[in-house]
Amino acid sequence: MNRRWVSGLLCGAAAIGGANAACAQRQVAAPITDPNDPRYVTEQTRKMGGVMPPEQLALVFDHLDLALKVFPDRKRIEGDVTLDLHTKAQIGTLILDLFPKYAISAIYLDGRKLAPGRYANPEGQLRIALARPIKPGTKLVARVVYSGTPPLAKRPPWEGGTTWGTTPDGKSPWIDTSLWGGGCDMLYPCLDHPTLKPATSDLHYTVPAGLMAPGNGALVSKVEKDGWTTWNWHARSIHTYGSVLDVGPYKVMEGDYKSRFGNVIPMRFFYLPGEEKQAAELFAEFPKTLTFWEAVIGPYPWADQKMGVIRVPFSGLENQTLIGYSNNYPKTPYGWDWLMNHEFSHEWFANQLSNANYDDLWLHEGLGSYAQPLLAEFYGGEIDYMAQLKSQRAGIRNEQPLVSGQERPEKAVYADPTGPRGDIYTKGSWVAHTLRKLIGDDAFFTSIRTLVYGRPDPRPGNFTPQFGSTPGFLKIVNGVTGKDYKWFFDVYLYRAALPKLVATRANGMLRVHWQTPDDLPFPMPLEVKIDGRTVTLPMADGTGEAPASEWSAVTIDPNSKILMQSDAIDKYQAWQAAQPPARPR
């Protein structure tokens, strides 16, 4: 999601390709405790997902109409937003999320302006008293008019907010908003939980003439008046951190992709003047990337809108249908841009398939990271596939389980030491790899398609956005295979330590057994290569044996199918941690 914790897959590819600047482990920005600091956000605003008030969970977000006027010289926005909602349960208070430093000039409910005493927003949870309780099934239209300076990004795009800058030539405003690490309420009133995204959105961005404001979804119109230009966009099912407000003197590279499914996908790259040559080279990858995804996973979910990429100042972000890209156009030995392709993976694993609980964030990042080995395999074969996986393997830390089984906000997973942090990328990818090798390609890709699209046979028009969970994915895998793989999920996802293989040789036999955290069952079949011949040990009870003399050449797991503890990786990581910080050149 993004932007990222690039230590494993992304760093491995980048290190080979020369993009080392992007490869530092993601460090959480220092806390900002001074409310006068423009980077300050309350804990409520910083929170994405997690436990929500029942009044919010009782709502369905039908439509968002967001109008923003941007004043670059004043670092200010004026907003007028309307939320069309309906209730699933009775509520007596309407609760929205909104950055509390915005000045609210008016709130309307169903067209009636409320007295200021009817609402308050001290910490960023805007509470609006209703005249009377609203019954289930009731439609409600809330309009909020507000203004102010959005929080400045602390460490964009990982610690979200708005960055007010200028283009590299210093001639034009260049504004980037990244909502990761804070969510939609940093920009507009919303319901900041992954399951509460709006079904449809109309976005109206008004900026000074000569500037462009690309947006999510499809461009509806462009209106110029009195030295201002309003860019109108229509989108559907925008993820709560997938909205975007980017402003600059963009130029647009355009093309159409003829899909194997019979439809045509608009391709758009919003780049900065002076980067035409580099932009053209990256744009040439768009159809290549779409070909891989539609061949291996399934239809591009937003084909009716666009495949969009926008040049931004800081790393990458999976803004829906308009992924952020700022990688200075590097080359790698794989023949494709690693950052663009990682962020584009989130059009499937984050935007089409959204986790229903950030506890399952590995579904976004792990499956999104596994897409790069898959892309490498598709275009470069086995050597590229394994090279990507090897670079990921070196970054797996196993400090916390990938999944806790509890409702958790994003920060508890992504940014706190109590969560898995970077392992959601690297370990999540290796979990996918090991599962694929265990159940086979047909079952694996059928399971992935069912998870992403809600059905195994997606075609344009026959699927809707999905919410996924780890238990739901297990249910899908079990249904597709006809077997119970709870043991696999228990060890790899709900425990931190990796399974360890213990091997001994005596009396002409090689004997192996699995050691697992909490002595969990782990009937993982194991390939062993003995004197050039590969045998598969069923390991049904976690043990196995095969003839092998003390002089036999033995290779455990010769095709690297299984994520397991490795002495070599452990020693490498310990050595790496002991190295002094690199001195600047």
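Keep in mind it's a predicted model, so treat the numbers as computed, not measured.
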**disulfide bond (SG atoms under 2.5 Å apart): pairs with one or both residues in residues 190-221, sequence neighbours excluded** = C184-C190
Quick one, [X] and [Y] - any side-chain contact, counting heavy atoms below 4.5 Å?
{"X": "F349", "Y": "L363", "result": "no"}
{"X": "L66", "Y": "S201", "result": "no"}
{"X": "K411", "Y": "E43", "result": "yes"}
{"X": "I439", "Y": "V480", "result": "no"}
{"X": "V413", "Y": "P420", "result": "yes"}
{"X": "P458", "Y": "F261", "result": "no"}
{"X": "V41", "Y": "I32", "result": "no"}
{"X": "D97", "Y": "M52", "result": "yes"}

**Request:** Decide if atom CD of E254 counts as having more than 12 heavy atoms of other residues, nucleotides or ligands within a radius under 6.0 Å.
**Result:** yes
**Prompt:** Counting only heavy atoms not in K75, do more than 12 sit closer than 6.0 Å to its NZ atom?
**Reply:** no
**Message:** side chain to side chain contact (heavy atoms under 4.5 Å, CB included), that's the test. Do Q352 and E347 meet it? Break it down for me.
**Reply:** CA-CA 6 Å; Q352 165 60 27; E347 296 287 25; over 6 Å; no
Grab the two heavy atoms, one from [X] and one from [Y], that are nearest each other, plus how far apart they are.
{"X": "N357", "Y": "P194", "result": "N-CG, 4.4 Å"}
{"X": "W233", "Y": "G215", "result": "CE2-N, 3.1 Å"}
{"X": "L179", "Y": "M48", "result": "O-SD, 4.0 Å"}
{"X": "K197", "Y": "S354", "result": "NZ-OG, 2.9 Å"}

Could you tell me how the ring of [X] sits relative to the ring of [Y]: parallel (under 30°), tilted (30 to 60°) or perpendicular (over 60°)?
{"X": "W348", "Y": "F344", "answer": "perpendicular"}
{"X": "F473", "Y": "F489", "answer": "perpendicular"}
{"X": "Y425", "Y": "Y414", "answer": "tilted"}

**Complete:** Residues passing the side-chain contact (heavy atoms from CB on, under 4.5 Å) test with A213, sequence neighbours excluded, are Y205, V207, W231, V247
**Message:** Run the side-chain contact (heavy atoms from CB on, under 4.5 Å) test against A295 and tell me which residues pass, sequence neighbours left out.
**Reply:** R260, F378
Residue pairs, two or more places apart or on separate chains, that pass salt bridge (Lys or Arg N to Asp or Glu O under 4.0 Å) and touch [range]:
{"range": "residues 108-135", "value": "none"}
{"range": "residues 448-469", "value": "R455-D457"}
{"range": "residues 229-249", "value": "R236-D304"}

**Request:** Compute the centroid of each ring, for F488 and then for Y492, and state whether the two points are separated by less than 6.0 Å.
**Result:** yes
**Request:** Would you check, one step at a time, whether the test side chain to side chain contact (heavy atoms under 4.5 Å, CB included) holds for E407 with H193?
**Result:** CA-CA 11 Å; E407 180 76 40; H193 189 277; 3.2 Å; yes
Distance check, rounded to the nearest 0.5 Å: [X] atom [atom1] versus [Y] atom [atom2]?
{"X": "I134", "Y": "L85", "atom1": "CD1", "atom2": "CG", "answer": "9.0 Å"}
{"X": "W362", "Y": "D360", "atom1": "CH2", "atom2": "CG", "answer": "8.5 Å"}
{"X": "D185", "Y": "T240", "atom1": "CG", "atom2": "OG1", "answer": "9.0 Å"}
{"X": "Q305", "Y": "I265", "atom1": "CD", "atom2": "CD1", "answer": "11.5 Å"}
{"X": "Y257", "Y": "N263", "atom1": "OH", "atom2": "CG", "answer": "9.5 Å"}
{"X": "L68", "Y": "S147", "atom1": "CG", "atom2": "OG", "answer": "11.5 Å"}

Looking at [Y], is its backbone amide N or carbonyl O close enough to the side chain of [X] to form a donor-acceptor pair, meaning the two atoms are under 3.5 Å apart?
{"X": "S105", "Y": "V145", "value": "yes"}
{"X": "Y358", "Y": "A412", "value": "no"}
{"X": "D423", "Y": "P401", "value": "no"}
{"X": "H239", "Y": "Q320", "value": "no"}
{"X": "N216", "Y": "V244", "value": "yes"}
{"X": "D484", "Y": "N478", "value": "no"}
{"X": "T195", "Y": "A356", "value": "no"}
{"X": "Q406", "Y": "D359", "value": "no"}
{"X": "N121", "Y": "L98", "value": "yes"}
{"X": "K69", "Y": "I77", "value": "no"}

**Prompt:** Under the side chain to side chain contact (heavy atoms under 4.5 Å, CB included) criterion, do L152 and W164 qualify, and how do the steps go?
**Reply:** CA-CA 8 Å; L152 301 187; W164 304 81; 3.5 Å; yes
Exercise: do [X] and [Y] side chains pair donor with acceptor under 3.5 Å:
{"X": "T289", "Y": "N341", "answer": "yes"}
{"X": "D176", "Y": "T163", "answer": "no"}
{"X": "N232", "Y": "H204", "answer": "yes"}
{"X": "Y494", "Y": "T470", "answer": "no"}

**Request:** Answer yes when E365 and K427 have at least one side-chain N-carboxylate O distance shorter than 4.0 Å, and no when they do not.
**Result:** no
Output all residues satisfying salt bridge (charged side-chain N to carboxylate O under 4.0 Å, His left out) with [X], sequence neighbours left out; order by chain, then residue number.
{"X": "D490", "result": "K486"}
{"X": "D80", "result": "R143"}
{"X": "K222", "result": "E224"}
{"X": "E55", "result": "none"}

**Item:** side chain to side chain contact (heavy atoms under 4.5 Å, CB included) evaluation trace for R155 with F314
**Value:** CA-CA 9 Å; R155 188 172 182 264; F314 301 103; over 6 Å; no
**Message:** Does anything in residues 43-84 form a ring-ring contact (aromatic ring centres under 6.0 Å, His included)? List the pairs, not counting sequence neighbours.
**Reply:** F71-W228
**Item:** Where at least one partner belongs to residues 84-130, residue pairs that pass ring-ring contact (aromatic ring centres under 6.0 Å, His included), sequence neighbours excluded
**Value:** F99-Y102, Y102-Y146
